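Working notes for the structure below.
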Amino acid sequence: MVMNLKKSKATNGTIGVYLDRTEKSVESRWRELRRGMGKRTSGGKIITTAYTEEDIALAKSLYDEGKYQWEIANILGRSESSVGNMLARLKK
């Protein structure tokens, strides 16, 4: 529910009212969701290998579709900062 409301640009305060939660609890949950939704290895760690050509092509297409950096990171099983760095390199 939090993810869907965030996608619709709702603020943490608005989401909190809707879900009968505090703004802080929504902020905390959002942070957890953004960190924990990526593809994982069997050990539970985020993948840290180099990007494949397929990963790069997928990231480009998702970015062109208007996906957020954190959504792309979750799909690829990468950190948000790693995806941001990769996208920045591609823009150069």
Side-chain angles (χ1 to χ4, degrees):
M1 184 71 81
V2 172
M3 289 182 66
N4 289 334
L5 291 168
K6 279 295 216 176
K7 283 181 185 179
S8 68
K9 307 281 190 218
T11 65
N12 290 340
T14 303
I15 295 169
V17 169
Y18 183 76
L19 298 176
D20 195 29
R21 298 284 188 255
T22 66
E23 184 174 348
K24 271 295 202 205
S25 72
V26 172
E27 180 182 329
S28 176
R29 181 64 178 143
W30 177 240
R31 195 175 313 112
E32 289 174 20
L33 288 169
R34 289 178 57 190
R35 287 184 185 151
M37 292 186 54
K39 293 180 186 174
R40 306 288 175 154
T41 64
S42 61
K45 294 184 179 180
I46 293 177
I47 300 168
T48 59
T49 57
Y51 285 96
T52 64
E53 292 298 319
E54 293 83 20
D55 288 341
I56 294 170
L58 178 58
K60 281 182 188 178
S61 68
L62 292 170
Y63 183 79
D64 291 343
E65 289 174 16
K67 296 285 187 193
Y68 292 102
Q69 186 172 309
W70 64 267
E71 291 175 302
I72 298 169
N74 287 335
I75 291 167
L76 295 177
R78 305 293 183 129
S79 71
E80 187 175 349
S81 63
S82 172
V83 169
N85 290 335
M86 183 261 297
L87 291 172
R89 284 191 303 270
L90 293 175
K91 291 178 186 177
K92 289 182 180 179

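Computed from a predicted structure; not experimentally measured.
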For Val83 versus Ala73, what's the shortest heavy-atom pair and its separation?
CG2-CA, 3.6 Å
Distance col, row Ser79:OG vs Asn85:CG, nearest 0.5 angstrom, shows 7.5 Å
One should read off an interatomic distance between Gln69 CD and Tyr63 OH, to the nearest 0.5 angstrom, of 8.5 Å
Could you state the interatomic distance from CG (Leu62) to CG (Leu76), rounded to the nearest 0.5 Å?
7.0 Å
Spacing of Met86 atom CE and Lys60 atom NZ [to the nearest 0.5 Å]
9.0 Å
Rounded to the nearest 0.5 Å, how far does CD1 of Ile75 lie from CH2 of Trp70?
9.0 Å
For residues 10-19, tabulate all N or O donor-acceptor pairs below 3.5 Å that involve a side-chain atom, not counting sequence neighbours.
residue: Thr11; atom: OG1; partner: Thr14; partner atom: N; Å: 3.1
residue: Thr11; atom: OG1; partner: Thr14; partner atom: OG1; Å: 2.8
residue: Asn12; atom: OD1; partner: Lys6; partner atom: NZ; Å: 2.8

With rounding to the nearest 0.5 Å, note down the distance linking OG in Ser8 to CE in Met3.
12.0 Å
Would you indicate whether Asp20, at its atom CG, is surrounded by more than 12 heavy atoms from other residues, nucleotides or ligands within a distance under 6.0 Å?
no
What is the minimum heavy-atom distance between Glu71 and Lys7, and which atoms define it?
OE2-CE, 2.9 Å
Just to verify, what does Glu23 make a salt bridge (charged side-chain N to carboxylate O under 4.0 Å, His left out) with, not counting sequence neighbours?
none
Main chain of Thr22, side chain of Ser25: is a donor-acceptor contact present, judged purely on distance under 3.5 Å?
yes
If you count every heavy atom of other residues, nucleotides or ligands that lies below 6.0 Å from Glu53 atom CD, does the total exceed 12?
no
